[in-house]
Enquirer: 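Got a structure for you, written out below as structure tokens; questions coming shortly.
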Amino acid sequence: MYRFVFSQVLSRLDPEDVHRLTVRALRLLSVTPVVRRLVHRRLAPRDPALRVRAFGVHFPGPFGLAAGFDKDAGCVEAMSALGFGHVEVGTITAHAQPGNARPRLFRLAGNRAIINRMGFNNDGAGAAARRLRRARGVPAVVGVNIGKTKVVPESGAVEDYVASATALAPLADYLVVNVSSPNTPGLRDLQAVELLEPLLRAVKKVADATPRRTPLLVKIAPDLADADVDAVADLALEIGLDGIIATNTTVDRGALTAPERAAGRDAVRESGGLSGRPLKARSLQVLRRLRARVGDRLVLVSVGGVEDADDVWERLLAGATLVQGYSALIYEGPLWAYRIHRGLARRLRRQGVSDLREIIGRTAA
């Protein structure tokens, strides 16, 4: 049913307008207690075999919503009710900002992908903190993804991230430092170890000082050279991070299918980060490299090109403890996470596995 609605209606509308209307509807669901609880009871993961513990946090299922969808922490409860095992909100910056000029979100349906150059449009850390303080009507594991305010120069990046962390770390189940979006000028330069180390140490100091010690992760780009992936992994171990999220969107268009490129689609020529199916191979490659480098000493969260339960299963076998998705939600609809967790549960039962932890890293080198 959803695919018919998408092809006949939603695909004809501006992608950002559809996203905005969707978020508004989900916020309504979040503040409607009876419906919210009914949806959660029906769709949230409940199979004990799916439960996983990562960096001291209990997750009802391994598959969660990646950052980028709920930029302002406005529909955490709705997305949890729809079956996501965790919801990562953001990217949130210390100061509110409008993001880049529209149009800035483009569908590539032939590749089941999207291109975005949103530019961290959000209401700022203070507004997100107020929303996260509200009591939740359904259980929800919430990660908070923070980035640099666009107008802040590189020299002020550490203080800017620290301001966001101070406001949001006490309210998060885990905190993510995003230095890998291609849509904020100069942001990816912060992935260089000599710049990344002081930034992560400063944010970690804030996260460690919260009452429950908020776990800290860093999110990296798929466009890093392998040697740089290794360097970030080594740094994460050295300073005691809890995990790495791999990967963000890519600026590489090489993985797009030939028909999509040959058609001269305007979206293909747009600048911005590409996500969805074309990112699948590189995202998995980076995950395997990280697992080979750090083993099980860090929690690895895999994101990029995840479309179904088979993809999630493959990432778990390759060493991911948690898996995230976003782009395929546009093409699969609101039951996507529910179907993935149901598929995982069935596969675990077929293989006689009663605990998800038994398969994590099984095929890792």
Side-chain angles (χ1 to χ4, degrees), residues 16 19-37 39-40 44 57 59 64-82 84-100 118-152 156-178 181 184 202-217 219 324 326:
E16 188 169 350
H19 180 82
R20 186 177 66 254
L21 291 172
T22 300
V23 169
R24 286 180 179 175
L26 290 167
R27 285 181 175 176
L28 182 61
L29 173 59
S30 290
V31 298
T32 309
V34 175
V35 177
R36 181 185 60 214
R37 285 195 294 269
V39 173
H40 185 271
V57 178
F59 294 76
L65 181 64
F69 181 88
D70 187 4
K71 295 179 180 299
D72 288 305
C75 46
V76 166
E77 291 169 282
M79 301 313 288
S80 296
L82 288 173
F84 288 97
H86 64 279
V87 177
E88 189 171 308
V89 301
T91 296
I92 298 168
T93 54
H95 306 284
Q97 58 184 25
N100 296 323
M118 303 300 288
F120 292 168
N121 54 307
N122 73 108
D123 294 337
R130 288 191 293 273
R131 295 187 181 103
L132 290 172
R133 286 192 194 100
R134 292 198 295 252
R136 296 172 194 160
V138 297
V141 179
V142 182
V144 176
N145 184 301
I146 60 174
K148 186 180 78 67
T149 306
K150 184 176 181 178
V151 297
V152 171
V158 171
E159 292 77 9
D160 191 61
Y161 277 93
V162 165
S164 294
T166 301
L168 296 167
L171 305 169
D173 290 302
Y174 67 90
L175 188 69
V176 182
V177 170
N178 183 354
S181 169
T184 295
V203 175
K204 187 174 186 299
K205 185 176 180 180
V206 175
D208 287 348
T210 60
R212 294 179 299 155
R213 198 197 77 80
T214 306
L216 181 64
L217 297 83
K219 187 168 185 175
Q324 296 178 339
Y326 168 18

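Index from 1, following the sequence.
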Enquirer: Could you go through Leu29 and Glu77, starting from their C-alpha distance and side-chain angles, then the distance that decides it, and tell me whether this counts as side-chain contact (heavy atoms from CB on, under 4.5 Å)?
Expert: CA-CA 8 Å; Leu29 173 59; Glu77 291 169 282; over 6 Å; no
Enquirer: How close do Lys150 and Asn100 get, heavy atom to heavy atom, and via which atoms?
Expert: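 In this case the closest contact between Lys150 and Asn100 is NZ-OD1, 3.1 Å.
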Enquirer: Applying ring-ring contact (aromatic ring centres under 6.0 Å, His included), name anything that partners His40, two or more places apart in sequence or on another chain.
Expert: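 For His40, no residue satisfies ring-ring contact (aromatic ring centres under 6.0 Å, His included) once neighbours in sequence are set aside.
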Enquirer: At what distance, to the nearest 0.5 angstrom, does CD of Gln324 lie from NZ of Lys219?
Expert: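 These two atoms lie 6.0 Å from each other.
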Enquirer: Going through the checks in order, is the side-chain contact (heavy atoms from CB on, under 4.5 Å) test met by Ile92 and Asn145?
Expert: CA-CA 6 Å; Ile92 298 168; Asn145 184 301; over 6 Å; no
Enquirer: If the threshold is 4.0 Å, N to carboxylate O, is there a salt bridge linking Asp160 and Lys148?
Expert: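 No, no charged N to carboxylate O under 4.0 Å.
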Enquirer: Look at the rings of Phe69 and Tyr326 and say which category their plane angle falls in: under 30° parallel, 30 to 60° tilted, over 60° perpendicular.
Expert: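 Judged by the thresholds at 30° and 60°, the geometry between Phe69 and Tyr326 is perpendicular.
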Enquirer: Minimum heavy-atom separation for Ala125 and Ala167, please, with both atom names.
Expert: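 Looks like CB-CB, 4.1 Å.
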Enquirer: Does any non-hydrogen side-chain atom of Val76 lie less than 4.5 Å from one of Val89?
Expert: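 With C-beta onward as the side chain, the pair touches.
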Enquirer: Is any side-chain heavy atom of Thr32 closer than 4.5 Å to one of Arg36?
Expert: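 Not in contact.
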Enquirer: Counting only heavy atoms not in Arg136 (residues, nucleotides, ligands), do more than 12 fall under 6.0 Å from its CZ?
Expert: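 More than 12 heavy atoms, drawn from other residues, nucleotides or ligands, come within 6.0 Å of this atom.
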Enquirer: May I ask you to decide if Val144's main-chain N or O and Glu88's side chain share a donor-acceptor pair within less than 3.5 Å?
Expert: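 Between the backbone of Val144 and the side chain of Glu88 there is no qualifying donor-acceptor contact (under 3.5 Å).
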Enquirer: Is there a donor-acceptor pair closer than 3.5 Å between any side-chain N or O of Gln97 and the backbone N or O of Val151?
Expert: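 The answer is no, because no donor-acceptor pair under 3.5 Å joins these two groups.
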Enquirer: Is there a side-chain contact between Asp208 and Thr214 (heavy atoms, below 4.5 Å)?
Expert: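 No - every pair of side-chain heavy atoms lies 4.5 Å or more apart.
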Enquirer: Answer yes or no: is there an ion pair linking Arg131 with Asp123, defined by an N-O contact shorter than 4.0 Å?
Expert: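 A salt bridge is present here (some side-chain N lies under 4.0 Å from a carboxylate O).
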Enquirer: If every non-hydrogen atom of Leu175 is compared with every non-hydrogen atom of Ala165, which pair is closest and at what distance?
Expert: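 Reported closest heavy-atom pair: CD2-CB, 3.9 Å.
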Enquirer: Taking the side chain as C-beta and beyond, is there a heavy-atom pair between Asn178 and Phe120 under 4.5 Å?
Expert: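 Yes, side chains in contact.
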Enquirer: Work out which heavy atom in Thr166 is nearest to a heavy atom in Pro170; give both atom names and the distance.
Expert: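 Reported closest heavy-atom pair: O-CD, 3.6 Å.
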Enquirer: Check each of Thr149, Thr93, Thr91 against Asn122 using the side-chain hydrogen bond (donor to acceptor under 3.5 Å, both in side chains) test, and report the only one that passes.
Expert: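 Among Thr149, Thr93, Thr91, the one meeting side-chain hydrogen bond (donor to acceptor under 3.5 Å, both in side chains) with Asn122 is Thr93.
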Enquirer: Is there a side-chain contact (heavy atoms from CB on, under 4.5 Å) between Val138 and Val39 once you walk through the steps?
Expert: CA-CA 10 Å; Val138 297; Val39 173; over 6 Å; no
Enquirer: Would you say that Leu168 contacts Ile146 through its side chain, given a criterion of any heavy-atom pair below 4.5 Å between the two side chains?
Expert: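 The answer is yes, as the side chains (C-beta and beyond) meet within the 4.5 Å cut-off.
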Enquirer: With a 4.5 Å limit on heavy-atom distance, are the side chains of Leu65 and His86 in contact?
Expert: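 The answer is no; the side chains never approach within 4.5 Å.
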Enquirer: Which pair of heavy atoms, one from Val23 and one from Cys75, lies closest together, and at what distance?
Expert: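 That closest heavy-atom pairing would be CG1-SG, 4.3 Å.
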Enquirer: Please work out which of the three classes, parallel, tilted or perpendicular, describes the rings of Tyr174 and Phe59, given edges at 30° and 60°.
Expert: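 Answer is tilted, since the angle falls between 30° and 60°.
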Enquirer: When you compare the side chain of Met118 with that of Glu16, does any pair of heavy atoms fall below 4.5 Å?
Expert: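 In contact.
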Enquirer: Quick check: closest heavy atoms across Val152 and Ala157, and the distance to 0.1 Å?
Expert: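 Where Val152 meets Ala157 most closely, the heavy atoms are CG1-N, 4.0 Å.
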Enquirer: What residues, two or more places apart in sequence or in another chain, satisfy side-chain hydrogen bond (donor to acceptor under 3.5 Å, both in side chains) together with Ser80?
Expert: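 For Ser80 there are no side-chain hydrogen bond (donor to acceptor under 3.5 Å, both in side chains) partners, ignoring immediate neighbours.
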Enquirer: Assess whether side-chain contact (heavy atoms from CB on, under 4.5 Å) is satisfied between Val203 and Leu216, documenting all intermediate values.
Expert: CA-CA 8 Å; Val203 175; Leu216 181 64; 3.8 Å; yes
